[in-house]
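Sequence lines set the chain letters: A, B, ... in the order given, protein chains first and strands last, and positions in each chain run from 1. Keep in mind the model is a prediction, meaning the values are calculated, not measured. Atoms considered below: every heavy atom in the structure, side chains included; atoms not considered: hydrogens, waters and symmetry mates.
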Protein chains: 2
Amino acid sequence: MRRMTARPANAHQARLLRLLRDGGPNSRAQLGDQVDLSRSKLAVEVDRLLETGLVIADGLAASRGGRRSHNIRLAPELRFLGVDIGATSVDVAVTNAELEVLGHITQPMDVRDGPVAVFEQVLAMAAKLKASGLAEGFDGAGIGVPGPVRFPEGVPVAPPIMPGWDGFPVREALSQDLGCPVMVDNDVNLMAMGEQHAGVARSVHDFLCVKIGTGIGCGIVVGSEVYRGTTGSAGDIGHIQVDPDGRPCACGNKGCLEAHFSGSALARDAEEAAQDGRSPELAGRLEAAGALTGADVAAAAAAGDPTALELIREGGNRTGQVIAGLVSFFNPGLVVIGGGVTGLGHNLLAAIRTQVYRQSLPLATGNLPIVLGELGPVAGVIGAARLISDHLFSPA
Amino acid sequence: MRRMTARPANAHQARLLRLLRDGGPNSRAQLGDQVDLSRSKLAVEVDRLLETGLVIADGLAASRGGRRSHNIRLAPELRFLGVDIGATSVDVAVTNAELEVLGHITQPMDVRDGPVAVFEQVLAMAAKLKASGLAEGFDGAGIGVPGPVRFPEGVPVAPPIMPGWDGFPVREALSQDLGCPVMVDNDVNLMAMGEQHAGVARSVHDFLCVKIGTGIGCGIVVGSEVYRGTTGSAGDIGHIQVDPDGRPCACGNKGCLEAHFSGSALARDAEEAAQDGRSPELAGRLEAAGALTGADVAAAAAAGDPTALELIREGGNRTGQVIAGLVSFFNPGLVVIGGGVTGLGHNLLAAIRTQVYRQSLPLATGNLPIVLGELGPVAGVIGAARLISDHLFSPA
DNA sequence: ACAACTTTCTCCACCCCCAGGACAAAGCCG
DNA sequence: CGGCTTTGTCCTGGGGGTGGAGAAAGTTGT
């Protein structure tokens, strides 16, 4: 089937498309309530959108006490591809135009294999989703990569954990391969956009989204828009120093947050504790699996292992210390914690909260929720779909 | 003389007024180059502005190779009042509509005397400026206060160093007393706006402005707009912890940046060093003046006193440590250092730079200038004038 | 001094956007 | 079945805005 190539012709049309994306099917009258346009004008723009095929008529809406109105919705055959490239795994998902996830695949992977190998795998996953009948093609794709990105060009820059990606024209290459528009962003920013669109951050305009996975990053949302910084490296909090005499970090400094707490640091600490005999629980798991991950620590903690709990508490303290500083500085309306280690759950959250509430001033923390992300692994792919839809649903 | 009460009727007029404010007198043709409107439309809007009296014709411009054009400028009798309330002093200045400072008074003061006493003094200073013939009245006033402000209402909230100000309706009260529109903001934000308008931050869209005075604060500019946070306390970095086992702070915590380095902490450290006999230079100054200030430390350092130098270096390190974290997080295009202690000058700056460049990642620091503010004490009052002019030069 | 070219500015015809009223269609309620 | 409400369409008129024609005012070259 031919893909949609139309784009909104003006800001009104873009506005309407976003309303339909975020609010689902809507009647003309309901749309009219939200956009502050005359009925005539609204009708004209809706008719034009219908002509382009981006939206379709979709039966009658329930009556609101008078004549029933005709529903309008985004074309149901529109498809977005959301790709979330992590350090050790890839998530690929298909969504409709309302950003509902229709299909989702996760596969292990190693970013260090380089962009060519990774995108080969991503394209195969996308093909698989197509083959399963979820899509006949894609109208746009959003890609998240675990490192800083020069956003306008869609090119990773100096990514510490992904050598070989520096300067690789991700946007251009994938746009070619997929035959559709592509936008690229940092994975943490996409997680923030995902939680904003469909998760805990709905209706919050300024918030932080801390992702603790293999590394640690932070999505910054200002006025409902992602802030990326001058060179695209904003939110790179993994290398903030938490201890002047702390552990050496891969970046060359000492005492970076990431060196003390992150998916990989936690795994290493856990293995050490297992080998030292400090935790029989962890030792058992190490013997069974050959290596430990954050999930093992979470399980051990759930089983009541005091060493595992202590590791989590310690990491939460360190993270909370950094977040406390960011809260004082940024005064967000919400802090979302997400990423691989969210399995550590409320133990981690409690430690972070304690530290933040103790260290930041009451005015900043007074009404500040600190919560776990509610979308888990789909936050990234939804954010990716939202990224490209924001791009496509904007005036040409 | 009657004050101007007109306001721009639409976004185009607002745009033109700001161009004239920031670029000085301009010909219609030059304006046309900047606004992307047809000549006809531009002429209409300019004519309307002329009718309101907000702008006036101002002779002929130099030829650009053809017919000479008629210059347009903001009405020369427009006056803004800029007020910068510090912890221990007040700055009051008059500017014209182009935000050029026509007159400037500084007086010692104590915020702890409360808003009523302070504003009595401010009004007297404003009257003095009027009496000297610089203004016949004010078309608007911007006020900076040393603490967080609920911006839309112009009311200080929970200001730690100014008890008695909490909830005082500054905006409303001054608007009444001065008989003109008033806007209120944090003093640090105004300093940032001042440096952006007329100082080192021209042409930078995302930057941080760290003000080290009695306390320490940080103005945050995102996309050329001041970011204030959800409760107006963004940039309150004085109570970020720099040492878990550090000095007790007035806020109740330990190891806050402000407890280790700020105007007051530095003065205390200097007096201690003088009494301990560690620095004859400082001891001499203490005996002469009865108390020490940041300026004394600066003078001692300039005279080569090693203890004073060490105090500055130590403070710079501490500040740099915090800024390094903020740089990683925010990825600004510029960091401006200002406030009372700028007298410490390049010794301080060098210490901060060293720390930041060492601790932050190359991508964020690669092209990051860290500089002293170039406006000194007028940054605040210019920022205040800019605040109210931004308000007045926006569509009604 | 004069012609040719540039730039600036005004005037005007025309188009499009859009608001808002009139009116018809469709449904609810008693 | 008759009012009342909501929805959708049509139409008219006003305001915003573009772009061309042409006059006014200068500069440059010969």
Side-chain angles (χ1 to χ4, degrees), chain A residues 6-20 23-52 54-74 393-396, chain B residues 6-20 23-52 54-74 393-396:
Chain A
R7 289 281 292 275
N10 58 44
H12 297 308
Q13 293 185 13
R15 179 87 197 282
L16 292 172
L17 291 174
R18 291 182 188 206
L19 283 172
L20 291 172
N26 251 295
S27 70
R28 286 164 139 91
Q30 284 175 304
L31 290 174
D33 294 343
Q34 302 173 65
V35 292
D36 190 44
L37 283 176
S38 66
R39 278 170 310 191
S40 2
K41 174 62 178 164
L42 179 68
V44 170
E45 297 297 356
V46 169
D47 285 346
R48 287 185 191 158
L49 285 175
L50 285 167
E51 269 174 41
T52 66
L54 280 171
V55 309
I56 61 162
D58 183 45
L60 290 172
S63 166
R64 291 199 290 181
R67 173 177 173 173
R68 295 174 64 191
S69 77
H70 296 267
N71 258 346
I72 299 295
R73 63 176 299 183
L74 289 166
F393 294 169
S394 65
Chain B
R7 289 280 292 276
N10 58 43
H12 297 309
Q13 292 186 14
R15 178 89 197 284
L16 291 171
L17 291 174
R18 291 182 189 206
L19 283 172
L20 291 171
N26 252 294
S27 70
R28 286 165 142 88
Q30 285 174 305
L31 289 175
D33 294 343
Q34 303 173 64
V35 293
D36 189 45
L37 282 177
S38 68
R39 280 164 312 196
S40 350
K41 175 60 179 166
L42 179 68
V44 170
E45 296 298 354
V46 170
D47 285 345
R48 287 186 192 157
L49 285 175
L50 285 167
E51 269 174 41
T52 66
L54 281 171
V55 308
I56 60 161
D58 184 44
L60 291 172
S63 167
R64 290 199 290 181
R67 172 177 173 173
R68 297 174 62 191
S69 74
H70 296 266
N71 259 346
I72 300 295
R73 63 174 299 182
L74 288 166
F393 293 169
S394 64

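Contact detail for A:Ala14 and A:Pro8: the closest heavy-atom pair is N-CB, 3.6 Å. The minimum heavy-atom distance linking B:Arg7 with B:Ser394 is given by the pair NH2-O, 3.7 Å. Smallest separation of non-hydrogen atoms from B:Asn10 and B:Gln13: OD1-N, 2.8 Å. Nearest approach of B:Ile56 to B:Leu74, heavy atoms of both residues: CG1-O, 4.5 Å. Smallest separation of non-hydrogen atoms from A:Ser69 and A:Ser27: OG-CB, 2.7 Å. Nearest heavy-atom pair across B:Arg15 and B:Gln34 is NH2-O, 3.2 Å.
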Between the protein and nucleotides 16-18 of chain C, which nitrogen or oxygen pairs come in under 3.5 angstrom?
residue	atom	partner	partner atom	Å
C:dC18	OP1	A:His12	NE2	2.9
C:dC18	OP2	A:Lys41	NZ	2.2

Exercise for the section: Under the salt bridge (Lys or Arg N to Asp or Glu O under 4.0 Å) rule, what do B:Glu51 and B:Arg48 come out as? Steps first, then yes or no, please. Expected result: CA-CA 5 Å; B:Glu51 269 174 41; B:Arg48 287 186 192 157; over 6 Å; no
Practice task
Report the C-alpha separation of B:Leu42 and B:Val35 in whole Å, then their side-chain angles, then the decisive distance to 0.1 Å, and conclude whether the side-chain contact (heavy atoms from CB on, under 4.5 Å) test is met.
Solution key: CA-CA 9 Å; B:Leu42 179 68; B:Val35 293; 4.1 Å; yes
Practice task
Go through the steps for B:Arg73 and B:Val55 under the test side-chain contact (heavy atoms from CB on, under 4.5 Å), then give the verdict.
Solution key: CA-CA 5 Å; B:Arg73 63 174 299 182; B:Val55 308; over 6 Å; no
Practice task
May I have the step-by-step check of side-chain contact (heavy atoms from CB on, under 4.5 Å) for A:Leu16 and A:Asn26, ending in yes or no?
Solution key: CA-CA 10 Å; A:Leu16 292 172; A:Asn26 251 295; over 6 Å; no
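Nucleotide C:dA24 holds its P atom 15 Å from the CZ atom of A:Arg39, rounded to whole Å. Rounded to a whole Å, the CG atom of A:Asp47 is 10 Å from the C1' atom of D:dT9. For A:Asn71 and D:dG8, the CG to C1' distance is 14 Å, given to the nearest whole Å. In this structure, B:His70 places its NE2 atom 17 Å from P of C:dT7, rounding to the nearest Å.
B:Ser40 comes within contact range of at least one nucleobase, with a heavy-atom separation under 4.0 Å.
Atom CG of A:Asp36 has 12 or fewer heavy atoms from other residues, nucleotides or ligands within 6.0 Å.
The stretch residues 28-35 of chain B touches DNA chain C through B:Arg28, B:Ala29, each having a heavy atom within less than 4.0 Å of the strand.
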Fill in the blank from the handout: Each nucleotide of nucleotides 25-30 of chain C classed B (base within 4.0 Å of a protein heavy atom), S (only sugar-phosphate) or -, in 5' to 3' order, makes BBBS--
